[in-house]
Protein chains: 2
Amino acid sequence: MINRNSPATIDDVARHAGVSISTVSRVLNRNVPVSEEVVAKVEEAMRALRYTPRAAARNLATSRTNTLGLLLAEIVGDFFSPLLSGIESVAAQHGYDLLISTAGRRGPQNQLPGPFHKHNADGLLIFAGSLSDDGVRDTHSLGVPMVLLHQTPPDGLPVPCVTIENKAATRAIVEHLIVSHKRRRIVFLTGEPNNEDGSWREMGYREALTHHNIPIEPALIAPGHFDRHIAQTSIEQLLRDGIEFDGVFAGDDEAAVGVYAALRNAHLKIPDDVSVVGFDDQSLARVLQPALTTVHVPIDQVGIEATRRLMQLIQNEPTEVLTLLPTTLVIRASCGCPE
Amino acid sequence: MINRNSPATIDDVARHAGVSISTVSRVLNRNVPVSEEVVAKVEEAMRALRYTPRAAARNLATSRTNTLGLLLAEIVGDFFSPLLSGIESVAAQHGYDLLISTAGRRGPQNQLPGPFHKHNADGLLIFAGSLSDDGVRDTHSLGVPMVLLHQTPPDGLPVPCVTIENKAATRAIVEHLIVSHKRRRIVFLTGEPNNEDGSWREMGYREALTHHNIPIEPALIAPGHFDRHIAQTSIEQLLRDGIEFDGVFAGDDEAAVGVYAALRNAHLKIPDDVSVVGFDDQSLARVLQPALTTVHVPIDQVGIEATRRLMQLIQNEPTEVLTLLPTTLVIRASCGCPE
DNA sequence: AGCGCTTCTGCAAGCGCTTTCATAGTTATA
DNA sequence: TATAACTATGAAAGCGCTTGCAGAAGCGCT
């Protein structure tokens, strides 16, 4: 075997097999008939030379990258693995690779990060909080196929968006507290200011209260930011301020952990003294004692659906602009129901 | 603005700025002096045409991809986010993008998956369970820079490996059970058969027992596979078989969740009746009641160190073959210590 | 003015592949 | 048997960028 320094190219294979490079290319792509005999020869040559085509060259020639870009705010939490695994599976199914990048702690960017500059990925998946409205507008105007996750496009731009049903589920879980457990003073822990999921959940909360003629009390609305420490601090503050409450909608499960801690430190019993509910149905919801009543979010489906939409976009097929995935109530014990 | 269908190329920029494409390239790369005046003209042109260079063309010309490949068995669990976030941060620092692929449920592969075929990434990070020993040998012989995570290379191949200290930490936590809590019949839940972390932990367990003259009882060693359901089933089986024990090393925190569930169902008190300890210090360790005594694993550091090693390899700098990251005992309440 | 330097810029040759077009070889049809 | 109609293959022109080489200025010297 001729072990040259640099890896084999299509030329080497062609020479070894005694055919032209066009033929090798055709064996590689199988888009045009090639005789059995030649295929065998070429494949043998490829094996002998340990040939693998170089992606860059194909990309340049075809002006396609077979790569999807995933842009995230940051890589954290229970959320992330199922989302990514959903995305990866669909991308792989379609023969696409996945390039990942984060906006990091700098917050939403106006510019796409380097890896995703135009034509370095065939399409983009943009997760909430990673690209500003201006950035979305800009990228869209460049004609890059993209879909937004957990974030709606600005100005009604026709950019597909995949997210989950927040409002009705929140309303349902809060009404469960009101109707089944006779709670009247229910704390609402907010998401971060610009978080759309959080805003919708707050609307659901308000609807539930209003529908049952319970006045909305600003003192019961405190920051949670989907963070256990912030949530814990908020609850401790309410307790210290002597504000009474008999229920808590934590914003999400992660925040519920903080609520549990604050309540435990104050020697308050869940659910006897206070009902607590979360949102997301993360794997820790089952682990908490008492088990957390929450809303199940099909986060892997978000990844799957978003990637499907993106594939359609790339293939110029029509696709829905808004995909709202259903969420479902998961009653466990923290609301007061028997386990 | 001339809005042609296809995006601007370096030629368009050169024409617009009245210079040659070489000059544009040099402005792009800043590797050769270019006069201020020309730089300004070119940058203006790039802005006007919304030019962004095409990665494929650069890659082809330079025969570098500026991309790192990350190969995983599957994307699951608490493990994954910090690992990836560590990797991503170092890669980004060095100007590298991250391409992700999973071996999926098919288990370790002999072949690299498509995206990573030679020269489609400048280097590879291979996580335990994603590439077989043959695959590692093969890829290494191709001269692809690579580092292994949580997996040692076969045949003492000089492939850098980054993993964590398992044995001493396991021995320490088991000895803690023996010495501080007078446990004598300690269950060991294993990892999956070929998991190296699991094997080292088992050695640490055996050492601890032997050192304290406690006979090793095969009946106390059962499968845990770092999975809460398998762990729960194993504990339930032991209980059903009437095998007595006063302590459990669960293998990892995830398995500890299953142990908690089994014990709770059997109305056994942790830590009064049985001490339970885990490994990893996942975020749920603090959430369990009682809080889980475990071993802290710096998983983000594994990602960071591995990526650093890979960068050194790519730059032909010398690098360590084995990096063993330290783990530390985290005493909480599940062993019997006061919280 | 002429010389050698140094700086900056342009020319042109690739990088490794795909793909159009033309051609040689085969088979079917009249 | 001549002709049309395919079929499998090859030649060659790109895809958009980098970079070695050479040439053109500009500079300080002699």
Side-chain angles (χ1 to χ4, degrees), chain A residues 4-43 45-46 49-67 95 114-115 117-122, chain B residues 4-43 45-46 49-67 95 114-115 117-122:
Chain A
R4 303 190 303 126
N5 288 358
S6 44
T9 71
I10 199 171
D11 289 280
D12 301 321
V13 176
R15 208 169 310 124
H16 188 106
V19 298
S20 74
I21 60 165
S22 333
T23 301
V24 177
S25 172
R26 289 193 267 258
V27 170
L28 233 34
N29 297 297
R30 301 308 184 98
N31 45 3
V32 147
V34 181
S35 69
E36 298 260 334
E37 177 195 14
V38 172
V39 169
K41 266 198 307 188
V42 171
E43 286 183 338
M46 299 204 284
L49 299 172
R50 311 183 79 179
Y51 169 74
T52 71
R54 216 153 302 187
R58 309 180 84 150
N59 295 348
L60 185 56
T62 55
S63 67
R64 301 187 31 193
T65 64
N66 282 303
T67 295
H117 263 137
K118 189 168 193 184
H119 266 263
N120 295 346
D122 294 343
Chain B
R4 302 190 302 126
N5 288 358
S6 45
T9 72
I10 200 171
D11 289 282
D12 300 321
V13 176
R15 208 169 311 123
H16 188 106
V19 298
S20 75
I21 60 167
S22 334
T23 302
V24 176
S25 171
R26 288 192 267 257
V27 169
L28 231 37
N29 297 297
R30 300 310 185 101
N31 46 4
V32 147
V34 181
S35 69
E36 297 260 335
E37 178 196 13
V38 173
V39 168
K41 266 198 308 190
V42 171
E43 285 184 339
M46 299 205 282
L49 299 173
R50 310 184 80 179
Y51 169 73
T52 72
R54 218 154 298 187
R58 309 181 84 151
N59 296 347
L60 184 56
T62 57
S63 66
R64 300 186 32 192
T65 62
N66 281 305
T67 295
H117 262 139
K118 188 166 195 188
H119 266 266
N120 295 346
D122 294 342

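Chain identifiers are assigned alphabetically (A, B, ...) following the order of the sequence lines, protein sequences preceding nucleic acid strands; residue numbering begins at 1 within each chain.
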Check your understanding: Do you know the tightest heavy-atom contact between Ala17(B) and Ala45(B)?
Key -> CB-CB, 3.8 Å
**Study point:** CG on Asn66(B) to CZ on Arg64(B), rounded to 0.5 Å
**Key:** 4.5 Å
Check your understanding: How do Ser20(A) and Leu60(B) order along DNA chain D: which one's closest nucleotide is nearer the 5' end?
Key -> Ser20(A)
Exercise for review: Heavy atoms only: give me the nearest Tyr51(B)-Thr9(B) pair and the separation to one decimal.
Suggested key: CE1-C, 3.5 Å
Exercise for review: For the residue pair Asp122(B) and Thr65(B), confirm or rule out a side-chain donor-acceptor distance under 3.5 Å.
Suggested key: yes
Review point. Do the non-hydrogen side-chain atoms of Arg30(A) and Val39(A) ever get within less than 4.5 Å of each other?
Key: yes
Check your understanding: Quick one: does Arg54(A)'s side chain get under 4.5 Å of Asn120(B)'s, heavy atoms only?
Key -> yes
Study note, to complete from the structure: Distance col, row Ser22(A):OG vs Ile10(A):CD1, nearest 0.5 angstrom, shows 8.0 Å
Review point. Which nucleotide span of DNA chain C, 5' end to 3' end, has atoms closer than 4.0 Å to non-hydrogen atoms of chain A?
Key: dG16(C) to dT20(C)
Exercise for review: Could you let me know what dT30(D) is paired to, Watson-Crick or G-U wobble, both distances under 3.5 Å, or none if it's on its own?
Suggested key: dA1(C)
Study note, to complete from the structure: Expected string for nucleotides 17-23 of chain D under the B/S/- scheme (protein heavy atoms, under 4.0 Å, primed atoms plus P, OP1, OP2 as sugar-phosphate) is BBBB---
Review point. Residues in salt bridge (charged side-chain N to carboxylate O under 4.0 Å, His left out) with Arg15(A), at least two apart?
Key: Asp12(A)
